[in-house]
Amino acid sequence: MLRLFGLLAFAGSVLSQAALPYTDPENGINFWGFTDVVHNVTWGYVFPPLATSGPNPNEYIGEVVVPVVNQWIGFALSGSMIDSLLVAAWPNNGKIVVSTRYATSNVLPDVYPGPTITTLPSTTINSTHWKWVFRCQNCTSWLGGSIDVTSPSNIPAWCVSTIPVDDPADPGTSMVQHTDYGFYFFDFSSAHVTAAQYNNWAAGGTGPGSGGPTTTTTKTTTTSTAPPTATASPYDYIIVGGGPGGIITADRISQAGKSVLLLERGGPSTWETGGRYQPPWAQGKANLTKFDVPGLFESMFTDPDSFWWCTDINVFAGCLLGGGGAVNGALYWLPSDQDFSTNNGWPQEWTNHQPYTAMLKARLPPTDAPSTDGKRYLEQTSTVVSQLLAPQGYQNVTINDNPDSKDRIMGYAAYDFIGGQRGGPVATYLQTALGRKNFKLQLYTNVLNVVRNGSQITGVTTNDTSVAGGFYPLNPNGRVILSGGTYGSARVLFRSGIGPTDMLNLVKNDPVAGPNMPPSSQWINLPVGYNVSDNPSINLVFTHPSINDYDNWADVFTDPPAADVSQYLANRSGILAQASPRLNFWSALGASDGETIWMQGTARPGAASWNTSYAFNQTQMFTITAYLSYGVKSRGRIGINAALVGTPLVNPWFVNPLDKSTLITGLQNIVSTMGQVPGLEMITPDNKTTIPAYVNAYDPATMDSNHWVGSNIIGTTAGQAVVDVNTKVFGTNNLFVVDASIIPALPYGNPHGQVMSMAEQAAAKILALAGGP
Ligand code: 6FA
C-alpha cells in the first residue's frame, strides 16, 4: 500500500533545541541528545573516536526513550526524508521491530537493505515507556549520501506517530504518515568517545569500562553526569590548524626547543601522513593518494566524495592536514618586496622579508618543470597564450627569478611540487617537526574556542571527549597560535569572545558555543572579519586547433590515459606530475584615479564552464583566468551565520567600481591581439557579447579565487587591526594568529608563497617576544 508521506525536509529556521551530552544512568552510555518537550521522546547518539574512525566511522550507538502513546518513531541523522537513510522502530510483543527505509520522493519509503542494526541489552519495554538502545552499523552513508561526523553543524530530523503501523510484526510493513516531526541542532564533531568505551557499549556492555547487560527501568534520561577525568598534558605552544601557516610556525617553534602541540581538525592527506584516498589506477601499485598526484587537482572540484572541504565554511576551504595547501593548485610565487611593503599595508617591522623568504626558498624551492624528467607536457596552451601576449610587449621570463618584476611578463607556471608529487609544508616542514620529541601532531581535533581569563589564555577547548572538558592547557607563560585560516581563525576568535559585537552575539545565542564564551564584560571588540580581500577573477574561454584539452580533466581520478598512468607510476613524470595551469602572466594597469592595479593571468587547458550560442570543438578548449591582484581596492567582510557557519557577509569583489573598470581594461587588453594568432577563437564571451557586458553580467559567486586574506589584519593600532606587529591579538597577553588572515592586502600572485614566508617571519618574531615560555 502506498500512501502519501509528508515532507521531512531541511529546516532553515533557527533551532531552539540542541543535542547536549548526557549519560543514561541505567546503562552508563555517554550520549549526545535531546528530549523533545512536546512528546517527551529522548533521542541520543554517540560515535566512535575520530582518531580511529576518521570522518566516516560507518556506525554509531543510539537510543530512543519513548512514551507508549507513540506507536512508532523514526529518524534521519541527515535531516532530510528524501535520499536519506531513514530508521523506524516500534515495540511488538515485548521486542523492538526495526525498519530501515529510503525514499526518493514524499511517499511511503521503501525498505532499504544494507544497515546492520543490533538491539542492545539495555533495551526495555514497560507500561509507560519503551527504550530502544541499538548499534547501527553501515549507517553513516547510503545511496547518494552520508553524514560527516566531524561536522559541528548538523540538523537531524525526528518523527513520531500515534497511529500504529499496519502490520507490527513485519519490518516491511506499510504505515501512514507520522503525526509529528521536528529537528534539532547537533554538533556531531563533539559526540565521540574513546575506543574502549565505544567498543564496550557496542558489544552490549554498560557503564564506563564495565561489561555485560544491566537491569534497567525506563526513567527518561536527560541528566548530565561526570565528564571524563583524564587531563591533557600542558604545552608551551598550542597551534590551531595544520595548514601552511600552522605547520611552518610549529616547525620553527619546535626547532627552538619549545614543546608544541599542533591540533588539526581534519584527517590525513598525502600517503606519507596516513591518507589513503587513492585513485583507482594507483591501487596496489603505488602509495599515492589524490592529494599526492598534482594532475588530480581539477578532480578536487568534481569528485562526489569531497570529504576534504570544510562543511561548515561557505567557500572552498581545506579541512585536512595541509589545509588549502593539500588541495590547491599549488601555484607558488616567491613574495616580492612590494608584497611586504608598507604600501601594501604591512607595518614597517615586516618589510625586511628577504631573510625569511630565503629560508622558505631553501626548504621549499619552486619549480616550473615539475615532471621528474625535466620535460614540459601539454604545453600547447602556453604556446598559444604566449603568441597572444607577445605582441602586447610581454617578455618570457622565469617568474620566480625576479619576484619584483610583474609588468608585462609571462612564464611557465611554478609550483611547490617535489619529485613529481605534492610537496609543500606537509612534505618538508612537517616532517622535520615530527622528528622532534617536543612536537606532537593531533588530527581530528577541532578547537572550538580559547579559554581565557580576561587577557590571559590558559588553553583551548576542543571536541576531544577523551580529556576532561575537551581542554588542552598551556604551560605557565604558554601561548596559543591560531592558524585555522581566514575563516577558521576568525570563528575561533568569535567563539572566544573576540570580535565585533554582532558576531559575538550570534555565538552567545548558540546553545552549545554560548556557554563556553567569556562573560560579555571580557569581550574584546576588534575588527575580526573586516578588511578581507580575494582576487576578483573572470574566465575567458577560447579554442585553438593546436590545443589538447586533456578531456577537460574529466577522468583523471578514475581513468586517465593508460600511457600517462604508466609514465607517472614509473618515475613520477609526464602530464600527471603537474596541476592544470601552464602559463602565468602579469601586467600593471592604470586605474582612473591615477593608481596602479596589477592583473595576473593563469592559462590552462580545459574550462570549468562556457556559454556560447555557436558550435565549437570542446577538445580544443582552454581558459585564461584574469585576476586583479596587487593594488586591488575592494574589501569585504566575512563572519559566521546563526549556525556558526563561516560565510562571506560582504563579497569582496568589485565593491569599488574602479576594480571593475580596471579588470575590464585588462581583459580587453588580453583579447586585443587575438587577430594575430591564426585559428584562435573566443567562445566565452562569444563574439555577440562585449567584454563590458560579459563582466557586468558575471555571476559574483564564480568570481571567488579562493585566496581569502585579511580577516585578522596585522597593524599597529588596536581597533584598526586585529593583531599587532608580533601577530599577537590586541587585548590579550598570549594569543597569536599566523595564517593568511593577518595579511593586510593581496600580493601580486596566488598567496600561499607569501603565507609561508610570513609564517617564517612570524615564528621568529613570536620566539623573540619577551614573556613567553
Ligand atoms: N594559493 C596559492 O598560492 N596557489 C594556488 O594555486 C592556490 N590554489 C587554491 C585553490 O585551488 C583552492 C581550492 C584553495 C581553497 C586555495 C588555494 N590557494 C592557492 C590559497 C592557499 O591554499 C591558501 O592561501 C593557504 O592554504 C592559506 O593557508 P593558511 O595556513 O592560512 O590556512 P588553511 O586554510 O590552508 O589551513 C587552515 C588549517 O586549519 C586547515 O587544515 C583546517 O582544517 C585547520 N583548522 C581550521 N580551523 C580549525 C580549528 N578550529 N581547529 C583545528 N584545526 C582547524
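Whatever order the structure lists them in is the order used to number ligands and atoms, beginning at 1.
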Colleague: Leu360 and side-chain contact (heavy atoms from CB on, under 4.5 Å): which single residue from Gln761, Met756, Met758 fits?
Modeller: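 The option that passes is Met756.
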Colleague: Going by the order shown, which atoms of ligand 1 are within less than 4.0 Å of some heavy atom of Phe316?
Modeller: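 In order of number, 15 (C).
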Colleague: Less than 3.5 Å between some nitrogen or oxygen of Arg265 and one of ligand 1, yes or no?
Modeller: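 Checking ligand 1 against Arg265, an N or O pair does fall under 3.5 Å apart.
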Colleague: For the rings on Phe188 and Phe47, is their centre-to-centre separation under 6.0 Å?
Modeller: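 Close enough - the centres of the two rings lie under 6.0 Å apart.
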Colleague: Nearest non-hydrogen contact with atom 9 (C) of ligand 1 belongs to which option: Leu482, Asn446, Asn328, Ile742?
Modeller: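 It is Asn328 whose heavy atom sits nearest to atom 9 (C) of ligand 1.
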Colleague: Should you measure from each heavy atom of Gly318, which atoms of ligand 1 turn up under 4.0 Å away?
Modeller: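 This gives 40 (C), 41 (O), 42 (C), 43 (O) as the contact atoms.
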Colleague: Give the numbers and elements of all ligand 1 atoms closer than 4.0 Å to a heavy atom of Val240.
Modeller: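 It comes down to these atoms of ligand 1: 49 (C), 51 (N), 52 (C).
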Colleague: Taking non-hydrogen atoms only, is Val492 closer than 4.0 angstrom to ligand 1 via side chain, backbone, both or neither?
Modeller: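 Just the side chain.
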Colleague: Would you please indicate yes or no on a ring centroid separation below 6.0 angstrom for Trp308 and Phe291?
Modeller: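 So the answer is yes for these two rings.
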Colleague: Give the atoms of ligand 1, by number and element, whose distance to some non-hydrogen atom of Phe301 is under 4.0 Å.
Modeller: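 Counting from 1, the qualifying ligand atoms are 13 (C).
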Colleague: Quick check, are the ring centers of Phe316 and Trp708 under 6.0 angstrom apart?
Modeller: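 Aromatic pair excluded; centres sit 6.0 Å or further apart.
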Colleague: For the residue pair Arg363 and Tyr429, would you count it as a cation-pi contact if the rule is NZ or CZ under 6.0 angstrom from the ring centre and within 45 degrees of the ring axis?
Modeller: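 Because its charged atom sits under 6.0 Å from the ring centre and within 45° of the axis, Arg363 does stack over Tyr429.
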Colleague: So which protein heavy atom does atom 41 (O) of ligand 1 come closest to, and at what separation?
Modeller: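 Going atom by atom, the protein heavy atom closest to atom 41 (O) of ligand 1 ends up being Glu264 OE1, 2.6 Å.
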Colleague: Could you name the option among Leu331, Ile313, Leu321, Val755 that has the heavy atom nearest to atom 6 (O) of ligand 1?
Modeller: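 Looking at heavy atoms only, the winner is Leu331.
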Colleague: Ion pair present between Arg265 and Asp312, side-chain N to carboxylate O less than 4.0 angstrom?
Modeller: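 Counted as a salt bridge, because a side-chain N and a carboxylate O are separated by less than 4.0 Å.
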Colleague: If the cut-off is 4.0 Å to any non-hydrogen atom of Ala740, which atoms of ligand 1 fall inside it?
Modeller: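 Result: 31 (O).
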Colleague: Would you please indicate if the ring centroids of Tyr377 and Tyr550 are separated by under 6.0 Å?
Modeller: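 No: the rings miss the under 6.0 Å criterion.
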Colleague: Please name the pair of heavy atoms, one in Pro500 and one in Phe494, separated by the smallest distance, quoted to 0.1 Å.
Modeller: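 Closest approach of Pro500 to Phe494, heavy atoms only: CD-CE2, 3.8 Å.
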Colleague: Compute the minimum heavy-atom distance from Val327 to ligand 1 and say whether it is under 4.0 Å.
Modeller: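 Checking ligand 1 against Val327, which is what was asked, there is no heavy-atom contact under 4.0 Å.
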Colleague: Within ligand 1, which atoms have a heavy atom of Gly329 less than 4.0 Å away?
Modeller: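 Here the atoms of ligand 1 in question are 6 (O), 8 (N), 11 (O).
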Colleague: Checking Thr462 against Thr445: is there a side-chain donor and acceptor pair closer than 3.5 Å?
Modeller: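 Not at all, the side chains of Thr445 and Thr462 share no donor-acceptor pair under 3.5 Å.
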Colleague: What's the shortest heavy-atom distance between Pro294 and Gly420, and which atoms?
Modeller: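 Looks like CD-O, 3.3 Å.
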Colleague: By number and element, which atoms of ligand 1 are closer than 4.0 Å to a non-hydrogen atom of Gly485?
Modeller: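 It comes down to these atoms of ligand 1: 31 (O), 32 (O), 34 (O), 37 (C).
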Colleague: Identify the residue among Tyr415, Tyr630, Trp586 that makes a ring pair (Phe, Tyr, Trp, His ring centres under 6.0 Å) with Trp333.
Modeller: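 Option passing the ring pair (Phe, Tyr, Trp, His ring centres under 6.0 Å) with Trp333: Trp586.
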Colleague: Answer with yes or no whether Trp333 contacts ligand 1, where contact means a heavy atom under 4.0 Å from a ligand atom.
Modeller: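 False for this residue.
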Colleague: Considering only heavy atoms of Gly245, which atoms of ligand 1 have at least one such atom less than 4.0 Å away?
Modeller: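 Numbered from 1, ligand 1 contributes 30 (O).
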Colleague: Hey, does Trp708 sit under 4.0 Å from ligand 1 if you only count heavy atoms?
Modeller: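 False for this residue.
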Colleague: I want to confirm something. Looking only at heavy atoms, which of Ser189, Gly266, Gly484 is nearest to atom 47 (N) of ligand 1?
Modeller: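 It is Gly484 that holds the nearest heavy atom.
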Colleague: Below 4.0 Å from any atom of ligand 1, is there a heavy atom belonging to Leu320?
Modeller: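 True for this residue.
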Colleague: In the protein, which heavy atom is nearest to atom 24 (O) of ligand 1, and how far is it?
Modeller: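 That would be Pro751 CG, 3.7 Å.
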Colleague: Has Val315 got any heavy atom lying under 4.0 angstrom from an atom of ligand 1?
Modeller: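 No heavy atom of Val315 comes that close to ligand 1.
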Colleague: Of the protein's non-hydrogen atoms, which lies at the shortest distance from atom 51 (N) of ligand 1, and what is that distance?
Modeller: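 Nearest protein contact, heavy atoms only, for atom 51 (N) of ligand 1 is Val447 N, 2.9 Å.
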Colleague: Under 3.5 Å, is there a donor on one side chain and an acceptor on the other for Thr461 and Arg495?
Modeller: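 No - no donor-acceptor pair under 3.5 Å links their side chains.
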Colleague: Examine ligand 1 and decide if any of its atoms is less than 4.0 Å from a heavy atom belonging to Trp309.
Modeller: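 Yes.
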Colleague: Taking atom types as modelled, is there a side-chain donor on Ser580 or Glu298 under 3.5 Å from an acceptor on the other?
Modeller: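 Yes - a donor-acceptor pair under 3.5 Å links their side chains.
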Colleague: Have a look at Gly267, Gly243, Gly324, Gly749 and point out the one with the heavy atom closest to atom 35 (O) of ligand 1.
Modeller: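 Residue with the shortest heavy-atom distance to the ligand atom: Gly324.
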